[in-house]
Visitor: 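Pasting a structure below so you can have a look.
Since this is a predicted model, take the numbers as computed values, not measurements. As the structure lists them, so they are numbered: ligands from 1, and atoms in each ligand from 1.
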Amino acid sequence: MYKRIKDLDIGSVLKNVYGRIQNATEKRPANIAGKKPRLVAVSKTKPKEMVVVAYEWGQRHFGENYVLEKCKDIQWHFIGHLQRNKVNKLVSKTGVDPDQVCYLVGHILGNCPSLDFAGLMTIGSLYHDLSLGPNPDFQHLIKCANETCIHFGLDVNSIELSMGMSGDFEHAIEVGSTNVRIGSTIFGARNNPEKHSEIPA
Ligand SMILES: *Cc1c(COP(=O)(O)O)cnc(C)c1O
């Protein structure tokens with residue numbers, strides 16, 4: 001069961017989200033202004049027809065993997081746990097503590113010629129009150145990215161900071177996100193039994 005969203009709704013919601021992304025990008029301080037954020041539409045648990053509708057409205061980056069013959073130029077982004085059967089020879093990784101990031105990145109750079117280190121991702125606290133200041137989880141990721149790049153001599157502007165979801169993507173962009181992952185705002189609330197409870201649609 002899912003809340004039916006009409007085709008037109010997905011189109012107008014997408015337009016609205018693109019506009020909000022643009023506005024948040026324009027609010028950035030000059031030193032991070034160059035990092036244009038990408039929108040990854042997260043369609044998990046939703047029927048693939050919804051992906052096709054969003055595709056038809058011009059969206060190309062999606063956060064789940066379906067076989068969709070007619071949308072060949074979709075770019076899929078794995079945003080969840082990596083699974084052995086999906087990523088050959090890669091151990092299942094659900095994330096690391098901030099103090100392990102340098103070690104992991106060093107391992108990827110030194111021992112994994114088939115992997116590119118693209119950047120870092122976090123899910124920020126969903127309940128952060130912005131009137132108290134920037135979300136510390138995002139600040140943490142930024143700090144971690146800076147330290148990692150200095151350590152390995154990488155250009156911090158060349159790596160991705162994937163942070164920001166439906167509830168906090170504008171703030172995430174304002175502090176430097178290059179990749180926002182937005183699900184429920186585009187596709188409607190999920191009825192997701194195995195995850196934290198959300199209001200059933
Ligand atoms: C579900 C999910 C999202 C999207 O969450 P919404 O709050 O629905 O926008 C983003 N990132 C990850 C890793 C997710 O699992």
Visitor: Heavy atoms only: which of R181, K44, R190 is nearest to atom 14 (C) of ligand 1?
Guide: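 Shortest heavy-atom distance from atom 14 (C) of ligand 1: K44.
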Visitor: Think R60 forms a cation-pi with Y55, using NZ or CZ under 6.0 Å from the six-ring centre and within 45 degrees of its axis?
Guide: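 Geometry flag: set, cation within 6.0 Å and 45°.
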Visitor: Which of the atoms in ligand 1, numbered in the order shown and given with their element, are less than 4.0 Å from a heavy-atom of S184?
Guide: 6 (P), 7 (O), 8 (O), 9 (O)
Visitor: Taking only Lys NZ, Arg NE, NH1 and NH2, and the carboxylate oxygens of Asp or Glu, determine whether R38 and E160 approach each other closer than 4.0 Å.
Guide: yes
Visitor: Just jot down the ligand 1 atoms closer than 4.0 angstrom to any heavy atom of M121, in number order.
Guide: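 Going through ligand 1 atom by atom, the ones under 4.0 Å from M121 are 13 (C).
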Visitor: Would you say I79 contacts ligand 1, with heavy atoms under 4.0 Å as the rule?
Guide: yes
Visitor: Using 0.5 Å steps for rounding, measure from the NZ atom of K44 to the CZ atom of R190.
Guide: 4.0 Å
Visitor: Check each atom of ligand 1 against the heavy atoms of I182 and keep those under 4.0 Å away; list them by number with element.
Guide: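 Within the 4.0 Å cut-off of I182, ligand 1 contributes 9 (O).
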Visitor: Would V101 end up clustered with V156 when hydrophobic side chains under 4.5 Å apart are linked, directly or stepwise?
Guide: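 Each belongs to a different hydrophobic cluster.
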Visitor: Using the benzene-type ring in the case of Trp, are the ring centres of F138 and H171 under 6.0 Å apart?
Guide: yes
Visitor: Hey, is ligand 1 close enough to S166 that some N/O pair sits below 3.5 Å?
Guide: yes
